[in-house]
Number of protein chains: 2
Amino acid sequence: METASRRGLRERKKQRTRDALLRAALELFTTKGYEATTVDEIAEAADVSQRTFFRYFAGKEDAVFFVQSLAESHFVEAVRARPAHEAPLEALRQAILEGWDSIGEAVEEIIPTELHLRAYRLIESTPALFATHLRRSAELEEDIARIIADREGLDVDADPRPRVAVAVFGGVMRVTERLWCAGQDITVEALRELTAWHLDAVGPALAEKWRTN
Amino acid sequence: METASRRGLRERKKQRTRDALLRAALELFTTKGYEATTVDEIAEAADVSQRTFFRYFAGKEDAVFFVQSLAESHFVEAVRARPAHEAPLEALRQAILEGWDSIGEAVEEIIPTELHLRAYRLIESTPALFATHLRRSAELEEDIARIIADREGLDVDADPRPRVAVAVFGGVMRVTERLWCAGQDITVEALRELTAWHLDAVGPALAEKWRTN
DNA sequence: AGGCTAGTGACAGTCACTGACAGTTGACAA
DNA sequence: TTGTCAACTGTCAGTGACTGTCACTAGCCT
């Protein structure tokens with residue numbers, strides 16, 4: 001934006017500092033490991049004082065999830081944008097399958113996609129980060145449940161279906177993410193395929209007899 | 001156990017120290033809050049040095065989840081004990097519904113149930129603890145998925161159904177837990193009812209048209 | 001130009017957690 | 001019973017995440 005860059009030298013400087021800290025943090029985290037990286041090292045790499053790091057991020061974790069929150073809000077918008085005639089689970093499915101491309105683009109503006117993917121694997125392989133990731137997902141699911149309830153004109157507290165539907169969807173997504181990260185093919189296409197595969201397995205998984213298949 | 005108490009004075013002393021630390025920790029956590037409680041306070045309340053606390057628990061969190069792990073292993077055993085003819089989701093449902101009573105009894109031997117319930121609410125209301133709780137649940141789900149796969153003679157990595165079924169179940173359980181904690185009626189009966197209510201909602205939640213109901 | 005204030009660095013302090021070392025005390029054999 | 005061993009514990013020092021404070025620099029605005 002023209003206005004944003006013209007909005008003073010001060011703003012630009014802040015943006016540059018934040019970016020430098022973010023890149024330095026992710027770069028160090030993904031190379032030497034999350035726990036093994038100290039805030040002092042990040043600050044030094046970004047050429048600021050340790051205190052300044054904490055003025056931009058609430059903590060080490062905050063730096064890791066800064067980009068994630070971008071992707072999350074994109075997903076929320078994608079769900080909101082689904083046509084009202086779609087069944088809830090179908091809307092969620094389409095939102096995630098179609099949303100990944102635009103998410104990727106939005107992320108690219110802040111940091112290289114390759115770094116983002118490395119960050120994702122970092123989260124899955126670092127217990128402390130994985131825990132926080134799950135908590136954030138839980139919060140996201142609550143938001144999505146309310147959106148779904150609104151779509152269908154229901155009260156989230158009176159009808160269990162919105163929360164249950166989102167919980168089912170979220171559960172399947174987590175299984176998918178985990179497998180994707182553990183696998184070789186770290187591409188959006190692979191993720192899309194894996195997602196569809198798992199979502200299609202929900203019906204059969206609830207069936208009485210698995211042996212029939 | 002006779003053998004346990006006869007197993008030397010040393011063992012008994014250790015047990016007493018661990019119990020004292022556990023009670024002191026949970027008592028302080030649930031009264032002044034998790035973050036606001038320092039390890040020094042816990043150690044002082046249990047009349048040992050701070051260093052000793054860390055010899056019994058890996059960290060503050062460890063104390064909180066010490067009791068939880070009891071309940072978890074009980075659930076795993078309950079699932080293992082389900083008859084093979086039951087459908088996977090049915091087995092999980094029965095295991096959790098019937099397991100709570102025996103879980104409660106097992107917990108009672110270590111700390112008062114009332115303290116345990118307070119601890120449960122503490123976890124739900126403390127972000128850091130809730131995050132860890134979700135991570136532990138994820139690990140538990142992986143274990144359960146393998147058990148289910150074994151029951152059905154399947155390979156967890158080749159067939160998505162075991163993980164998906166467990167993820168669905170786990171997702172529903174988390175919604176249930178959350179609501180139970182937030183509600184007024186903190187009894188096992190209420191939990192049982194809430195669980196059944198939510199599990200019964202899975203089918204309808206996946207349906208094409210919600211309005212029909 | 002000069003005052004205002006956001007942004008920063010330097011410093012001190014708290015708290016979770018760890019390693020090292022020495023003292024104490026059950027366990028167990030002689 | 002006694003002496004030795006190993007387990008358990010306390011003390012101390014140190015690291016690293018995070019916070020409050022304060023003085024200072026540098027954009028901003030009149």
Side-chain angles (χ1 to χ4, degrees), chain A residues 3-22 24-26 28-29 31-66 122-123 126-129 131-132 135, chain B residues 2-22 24-26 28-29 32-66 122-123 126-129 131-132 135:
Chain A
T3 42
S5 50
R6 284 222 180 281
R7 242 335 168 191
L9 172 61
R10 207 172 236 168
E11 295 290 323
R12 261 176 290 153
K13 248 184 158 175
K14 270 211 302 189
Q15 193 60 44
R16 241 184 297 140
T17 309
R18 165 169 266 120
D19 280 9
L21 280 169
L22 194 58
L26 292 182
L28 285 167
F29 287 160
T31 50
K32 354 178 1 182
Y34 177 71
E35 260 96 30
T37 304
T38 68
V39 176
D40 292 274
E41 289 170 333
I42 301 169
E44 194 185 8
D47 206 46
V48 293
S49 74
Q50 189 224 46
R51 194 67 184 84
T52 294
F53 173 87
F54 288 107
R55 288 196 174 100
Y56 283 91
F57 302 99
K60 282 211 290 183
E61 285 199 349
D62 217 48
V64 177
F65 291 102
F66 188 82
L122 178 77
I123 292 171
T126 308
L129 293 180
T132 300
R135 184 176 55 79
Chain B
E2 272 280 311
T3 44
S5 50
R6 284 219 180 282
R7 250 311 182 207
L9 171 61
R10 199 168 240 166
E11 294 292 321
R12 261 176 290 153
K13 248 184 157 174
K14 269 208 306 187
Q15 194 61 45
R16 242 183 296 139
T17 308
R18 166 170 265 120
D19 280 9
L21 280 168
L22 195 56
L26 292 182
L28 285 166
F29 288 161
K32 12 180 338 189
Y34 176 72
E35 259 96 31
T37 305
T38 68
V39 177
D40 291 275
E41 288 170 333
I42 301 168
E44 194 185 6
D47 207 45
V48 293
S49 73
Q50 189 225 44
R51 193 68 182 85
T52 295
F53 173 87
F54 288 108
R55 288 197 174 101
Y56 282 91
F57 303 99
K60 282 212 291 183
E61 285 199 350
D62 218 47
V64 177
F65 291 102
F66 188 82
L122 178 76
I123 292 170
T126 308
L129 294 179
T132 300
R135 183 176 57 78

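Protein chains get the first letters and strands the later ones, always in sequence-line order, with residue 1 at the start of each.
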For B:F54 and D:dT11, give me the distance from atom CZ to atom P, rounded to whole Å.
15 Å
Rounded to the nearest angstrom, tell me the gap between atom NZ in B:K60 and atom C1' in C:dC17.
12 Å
Atom CZ of A:R16 and atom P of D:dA26: how far apart are they, to the nearest Å?
15 Å
For the side chain of B:R10, counting heavy atoms from C-beta on, which of D:dC8, D:dT21, D:dG10 is nearest?
D:dC8
Could you tell me the separation between the CD atom of A:Q50 and the P atom of D:dC18, rounded to a whole number of Å?
9 Å
How would you label the contact of B:Y56 with the nucleic acid (heavy atoms, under 4.0 Å): base, sugar-phosphate, or nothing?
sugar-phosphate
Quick check: any donor-acceptor pair below 3.5 Å linking the side-chain of A:R51 to the base of D:dG20?
yes
Taking all non-hydrogen atoms of both residues into account, name the closest pair between B:A45 and B:A24 and its distance.
CB-CB, 3.8 Å
Do you know which two heavy atoms are closest between B:A128 and B:E35, and how far apart they sit?
CB-OE2, 4.1 Å
Looking only at side-chain N and O atoms, does B:T17 come under 4.0 Å of OP1 or OP2 in D:dT9?
yes
Rounding to an integer number of Å, can you tell me how far A:D62 CG sits from D:dA17 C1'?
14 Å
Quick one: B:E11 CD to C:dC28 P, roughly how many Å, whole number?
10 Å
5' priority, DNA chain C, between B:D40 and B:R55 [closest heavy atom]
B:D40
Would you say B:K14 places a side-chain N or O within less than 4.0 Å of OP1 or OP2 belonging to D:dC8?
yes
Would you find more than 12 non-hydrogen atoms of other residues, nucleotides or ligands less than 6.0 Å from A:D40 atom CG?
yes
Counting only heavy atoms not in A:D19, do more than 12 sit closer than 6.0 Å to its CG atom?
yes
Between D:dG16, D:dT9, D:dC8, which nucleotide has the shortest distance from any of its atoms to the side chain of A:T38?
D:dG16
Would you say CD of B:Q50 has more than 12 non-hydrogen atoms from neighbouring residues, nucleotides or ligands within 6.0 angstrom?
yes
By nearest nucleotide on DNA chain D, pick out whichever of A:T37 and B:V48 is the more 5' one.
B:V48
Quick note, B:K13 side chain, CB onward, closest among C:dA10, D:dA17, C:dG26 is C:dG26
Grab the CZ-C1' distance between A:F53 and D:dA17 for me, whole Å please.
10 Å
Separation of C:dC15 C1' from B:E44 CD (nearest whole Å)
15 Å
